[in-house]
Amino acid sequence: TCISQQGQGYPNVPGIHSAEQVEAWKPIVQSVKQKGGLFFCQLWHVGRASHQDFQTDGGPPVGPSAIRVSDNFEIFTPKGGPFKYPMPRALDVSEIPGIVGEYAAAARNAIEAGFDGIEIHGANGYLLDQFWKDSSNTRTDQYGGSDENKARLLIEVMSAVADAIGADRCGVRLSPYNTFLDACDTVERAVEKNVWLMKELDRRVPGLAYIHMVEPRLAGGNVEAEGEIDHTLNPFRQATSRPFLAAGGLKRDTAIATITKGEADAVVFGRYFIANPD
């Protein structure tokens with residue numbers, strides 16, 4: 001659910017950045033909660049994975065650096081497609097506080113709409129993941145270079161939404177090994193960086209509702225990785241004090257095994273339960 005029009009990158013995706021959208025969400029949220037559901041709203045900014053057709057000024061999408069998504073991926077817009085992804089514009093440092101503020105405003109809007117909490121989408125090659133991954137962030141300012149700098153935007157966003165609605169209503173989704181939309185780290189870097197990030201989130205934004213991570217069996221999108229996979233989410237599970245959710249290509253037997261072995265506190269299913277039959 002997009003936090004701004006700038007953050008849109010797919011046709012017909014809902015937002016939660018206007019009063020009209022908040023009102024439209026209310027009956028949907030109410031119907032889910034009447035069935036006994038616990039309902040979190042995932043907050044999303046696609047960053048460079050957008051197109052000028054989505055931008056209000058017709059300009060390029062924004063990202064951490066002027067590095068475009070490769071021709072291995074295509075985008076559809078309200079005008080059709082598929083199109084190649086355009087060259088993004090690197091965000092100026094002066095623009096970043098505004099985006100952090102949009103995440104906080106969207107979190108407040110979600111609570112007003114009746115949601116129980118929010119999940120920050122920090123995975124799958126979108127804006128926060130673009131800043132975090134080595135392949136997509138070549139900045140030399142306070143938002144690039146060191147791991148602490150590359151994580152700065154994510155931590156600022158998590159702090160802002162926690163301040164806005166309470167940390168216990170905020171989760172975060174991360175994809176350490178994912179390569180979707182060309183946002184990637186080596187396995188070694190992914191382990192090193194994300195073990196550090198788990199500890200840093202515990203220290204900087206204590207009391208988060210949960211950490212939600214994508215299993216390495218998913219290389220990107222719905223594409224499963226090929227060959228033998230010997231890396232796991234266990235280092236991150238062990239490094240955080242928060243409830244740990246695992247997602248990505250799980251089936252009934254593998255989900256039960258994941259919980260039985262203590263590799264996660266809960267498992268997440270998506271494709272089996274989405275509304276779109278296609």
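No hydrogens, no waters, no symmetry mates; every other heavy atom, side chains included, goes into these values. In this text, all values refer to a predicted model and were calculated from it rather than measured experimentally.
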Residues passing the side-chain contact (heavy atoms from CB on, under 4.5 Å) test with Pro243, sequence neighbours excluded, are Tyr210, Asp265
So the side-chain hydrogen bond (donor to acceptor under 3.5 Å, both in side chains) pairs with at least one residue in residues 104-116 (sequence neighbours excluded) are Lys33-Asp116
For residues 7-15, please give each side-chain donor-acceptor pair under 3.5 Å, one per line with the distance, not counting sequence neighbours.
from	atom 1	to	atom 2	distance (Å)
Gln8	NE2	Val13	O	3.2
Tyr10	OH	Tyr126	OH	2.6

For Asp202, the salt bridge (Lys or Arg N to Asp or Glu O under 4.0 Å) test, sequence neighbours excluded, returns none
Residues passing the side-chain contact (heavy atoms from CB on, under 4.5 Å) test with Gln142, sequence neighbours excluded, are Val93, Arg152
Glu148 meets the salt bridge (Lys or Arg N to Asp or Glu O under 4.0 Å) criterion, sequence neighbours left out, with none
Arg204 meets the salt bridge (Lys or Arg N to Asp or Glu O under 4.0 Å) criterion, sequence neighbours left out, with Glu200
In short, side-chain hydrogen bond (donor to acceptor under 3.5 Å, both in side chains) pairs touching residues 94-103 with sequence neighbours left out are Arg89-Glu95, Asp92-Ser94
Across all chains, not counting sequence neighbours, the side chain to side chain donor-acceptor pair (under 3.5 Å) partners of Asp71 are Arg68
Quick note, ring pair (Phe, Tyr, Trp, His ring centres under 6.0 Å) partners involving residues 131-155, not counting sequence neighbours, are none
The salt bridge (Lys or Arg N to Asp or Glu O under 4.0 Å) partners of Lys35 (sequence neighbours excluded) come to none
By side-chain contact (heavy atoms from CB on, under 4.5 Å), Thr179 pairs with (sequence neighbours left out) Cys184, Ala219
